[in-house]
Peer 1: 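Let me begin by handing over the structure; questions about it come next.
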Amino acid sequence: MTPFFKDLFAAFSSEFSFFVKMNEQVHEKLKVLAESAKYDISCASSGTTRKNKPGTIGSAEGWGICHSFTEDGRCVSLLKIMLTNYCIYDCAYCINRRSNDIKRATLTVNELVDLTIEFYRRNYIEGLFLSSGVINSPDYTMERMVRVVKDLRTVHRYNGYIHMKSIPGASSELVHEAGLYADRLSVNVEIPKETNLKMLAPEKDHQSVYKPMFYIQQGVLQNKEERMRFRHAPRFAPAGQSTQMIVGATDETDKDILQLSTALYQRPSMKRVYYSGYIPVNTYDPRLPALKQAPLVRENRLYQADWLMRFYEFKASEIVDDAFPNLDLEIDPKLAWALRHPEAFPVDVNKADYSMILRVPGIGVKSAKLIVASRRHGRITSSALKKIGVVMKKAQYFITCHELATFTVNEASPEYVRKVLTAVKKPAKKGFDERQLTIHFPD
Ligand code: SF4
């Protein structure tokens, strides 16, 4: 047998033995638990830089982790799985709630560790997203989850990305131990107002969420100090923490949601707040709204608003206020703000501050930086703006530059500009809908 066929044969044998090893029972558990985990979207991975080292497998560096999303916007790049979908709690919005009659399963620590390693070796996954229902008690569950990540790191020398959910109500010791092995930890706020959380999840309260969040924050800050003194001190949750809020299951406005996000982002270790449009899984429960499908447009607008707060120097109070407590579903929040504030325009791209240029609809962070850098070398013209990447179709109503005809939002009117920018063009080809090209983040 030539060396090539020997290698090929070895590869097939290893695949075959893996599937034989993964007995039917584990396969069935995997199906049940991966299905149960799909409703948690707070699993995008980023911000960690641990490299592959000799004697380890995997790498959590940039290229090692990629994100992909299914059609409904859920992240699928990681092995996204629950340790168990049994749960002692009965949260109204959750498919895994105690009172639901669904298939249940629990993986042992070893089964979960083996699955992760085998999937990783075969390039099926780039990392692990581990969550769980609560069995016996928060600490009992958390202790098992910690054993999974600890075994992966210490026994199998697994160096890939791990995102682990911290169970609300878990002790500080277990949260701290989890942070030594996981890249990112997260605890879901789920429902922004505590009264609404109590109504839908009577066994939970905000304290049980904010406490572990605080433990994670403490761990991250302490670790920063330790690493300044000892360069080789073990890292604690290097990709920080994230959280998730369910949107549309209760009556919170976008203002309530974005105000809470602002407060959460002020915590030093908070990297991302995820917004999950409520998926009507338990339609029989009278405490829940009668939605036919998840409010995905609202979810998308919240992500855009979140983006404005993190990268465009907007405050939540500028995006939503008492007069406009909810985001406009028809247009992105940046355009909505500009149309509500025509007095702030037009912006002279040759003179205005960076922060004001950033507020022009159609100009993104990269374009704003390029504008400020290029105007040192001469006046900016409309053709230069196009080359820089400005979306002139939008921006033309909000800027002045050297030779651009003046027909700004003030000469026209906010209503006119809105009408022009929201007009749906006829499909270019049969079966092609231009609305599919909605830009996810505002520029
Ligand atoms: S604790 Fe988590 S898994 Fe259990 S019912 Fe509530 S949301 Fe679902």
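As a basis for the values below, the full set of heavy atoms in this structure was taken, side chains included, without hydrogen atoms, waters or symmetry mates. As the structure lists them, so they are numbered: ligands from 1, and atoms in each ligand from 1.
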Peer 1: Which atoms from ligand 1 have a heavy atom of R97 less than 4.0 Å away?
Peer 2: 5 (S)

Peer 1: Where is the nearest protein heavy atom to atom 6 (Fe) of ligand 1: which residue, which atom, and how far?
Peer 2: C91 SG, 2.3 Å

Peer 1: What part of K204 sits under 4.0 Å from ligand 1 if we count only heavy atoms: the side chain, the backbone, both or neither?
Peer 2: side chain

Peer 1: Taking both backbone and side-chain atoms into account, decide whether C87 has an N/O/S atom under 2.8 Å from atom 4 (Fe) of ligand 1.
Peer 2: yes

Peer 1: Does K29 use its side chain to pair, donor to acceptor, with the backbone of T106 at less than 3.5 Å?
Peer 2: yes

Peer 1: Please report whether the ring centroid of Y93 lies less than 6.0 Å from that of Y278.
Peer 2: no

Peer 1: Is the closest side-chain heavy-atom distance between K224 and M228 below 4.5 Å?
Peer 2: no

Peer 1: Is there an N/O/S atom in C94 that lies less than 2.8 Å from atom 6 (Fe) of ligand 1?
Peer 2: no

Peer 1: Only one of K334, R359, K255, R340 forms a salt bridge (Lys or Arg N to Asp or Glu O under 4.0 Å) with E318, so which one is it?
Peer 2: R359

Peer 1: Given S99, G133, A92, which one has a non-hydrogen atom that is nearest to atom 3 (S) of ligand 1?
Peer 2: G133

Peer 1: When rounded to the nearest 0.5 angstrom, what is the spacing between CZ in R97 and CG in L200?
Peer 2: 9.0 Å

Peer 1: Does Y265 use its side chain to pair, donor to acceptor, with the backbone of P268 at less than 3.5 Å?
Peer 2: no

Peer 1: Tell me: protein heavy atom nearest atom 1 (S) of ligand 1, and distance?
Peer 2: Y89 CD1, 3.4 Å

